[in-house]
Amino acid sequence: GEQVEQRPPHLSVREGDSAFITCTYTDPNSYYFFWYKQEPGASLQLLMKVFSSTEINEGQGFTVLLNKKDKRLSLNLTAAHPGDSAAYFCAVSALGGSALGRLHFGAGTQLIVIP
Amino acid sequence: GPKVLQIPSHQIIDMGQMVTLNCDPVSNHLYFYWYKQILGQQMEFLVNFYNGKVMEKSKLFKDQFSVERPDGSYFTLKIQPTALEDSAVYFCASSSDWENYAEQFFGPGTRLTVL
């Protein structure tokens, strides 16, 4: 089955610096990719969803990169600020078949942005 | 934005007892999910549910687990009897569509401790 590995588990950066988080996956049928943010005590909030055909996706203050050849999904928070401090999770799902609705998550990255 | 609520936020029970975890999904959503996260590990898919039926379940969804949503009320996960290894945070999610690209909206989780 699908294995999703997320690195690093913990990350501290100074305000204004970049924060880079990576997930690798194993299933070549993986097609949909998601990044979620979770603040303490709160729900997971979707940051971005990426379909397999797109490689670079720009969000507000972050970029998501998808490298299908290497089976790697990355989140780059540019110019991080203290409000970005949270846990970040990648999630992957396959294209149709028996995997409908089933998300495979990374273990999460706890990001701390130091003022 | 749309919110998924989970009740209670924490639950402590003795091994062998029954527990029911409650989820109040987004009001117009029809597809529901439970995920389990053991401390320090990945969030893992348990089950998805639609139109009163379990559509898919993982090997983590033991015979002691059951789900239901009677009359459009809470979507519940019942564990009877509980075991020590059931200690985890349980996340409920809902979505408006079955397709894998559909955003799943997550609740904040219920932390279950089995003593």
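Letters go in sequence order (proteins before strands), and every chain restarts at 1. Side chains are part of it too, since the values below use all heavy atoms of this structure and drop only hydrogens, waters and symmetry mates.
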Which atoms of [X] come close to chain A, meaning under 4.5 Å heavy atom to heavy atom: side chain ones, backbone ones, both, or neither?
X	answer
B/V47	neither
B/Q37	side chain
B/S58	both
B/K59	neither
B/Q104	both

State plainly whether the residues A/R102 and B/E56 are in salt-bridge range, i.e. N to O under 4.0 Å.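 So A/R102 pairs with B/E56 through a salt bridge.
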
Look at the side-chain heavy atoms of Ile, Leu, Val, Met, Phe, Trp and Tyr, link any pair under 4.5 Å apart, and say whether [X] and [Y] land in one connected group.
X	Y	answer
B/L77	B/I7	no
A/V4	A/V50	yes
B/V19	B/M15	yes
B/Y31	B/Y74	no
B/I79	B/F61	yes

First locate atom CZ of B/F91, then atom CD of A/Q38, and finally report the distance between them rounded to the nearest 0.5 Å.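 Between B/F91 CZ and A/Q38 CD, I get 4.5 Å after rounding to 0.5 Å.
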
As an exercise, state the distance from CG of A/L103 to CD of B/E103, rounded to the nearest 0.5 Å.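 Going from CG on A/L103 over to CD on B/E103, the span is 10.5 Å.
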
Would you tabulate the side-chain donor-acceptor contacts of residues 105-115 of chain B under 3.5 Å, counting partners in other chains and residues two or more places apart, or write 'none'?
unit_1 : atom_1 : unit_2 : atom_2 : d
B/T110 : OG1    : B/P8   : O      : 2.5

Within a radius of less than 6.0 Å around CZ of B/F65, do more than 12 heavy atoms belonging to other residues, nucleotides or ligands occur?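 Check passes, neighbour count above 12.
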
Within the supplied structure, the quantity of interest is the number of heavy atoms (other residues, nucleotides, ligands) at a distance under 6.0 Å from B/K3 NZ; does it exceed 12?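 Counting neighbours around NZ of B/K3, 12 or fewer heavy atoms of other residues, nucleotides or ligands fall under 6.0 Å, so no.
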
For A/T78, all residues meeting side chain to side chain donor-acceptor pair (under 3.5 Å), sequence neighbours excluded: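 Result, side chain to side chain donor-acceptor pair (under 3.5 Å) vs A/T78: none returned.
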
Could you tell me which residues satisfy side chain to side chain donor-acceptor pair (under 3.5 Å) with A/E5, sequence neighbours excluded, listed by chain and number?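 A/R7.
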
Are there residues of residues 105-115 of chain A whose heavy atoms fall under 4.5 Å of chain B's heavy atoms? If so, which?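 Residues in range: A/F105, A/G106, A/A107.
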
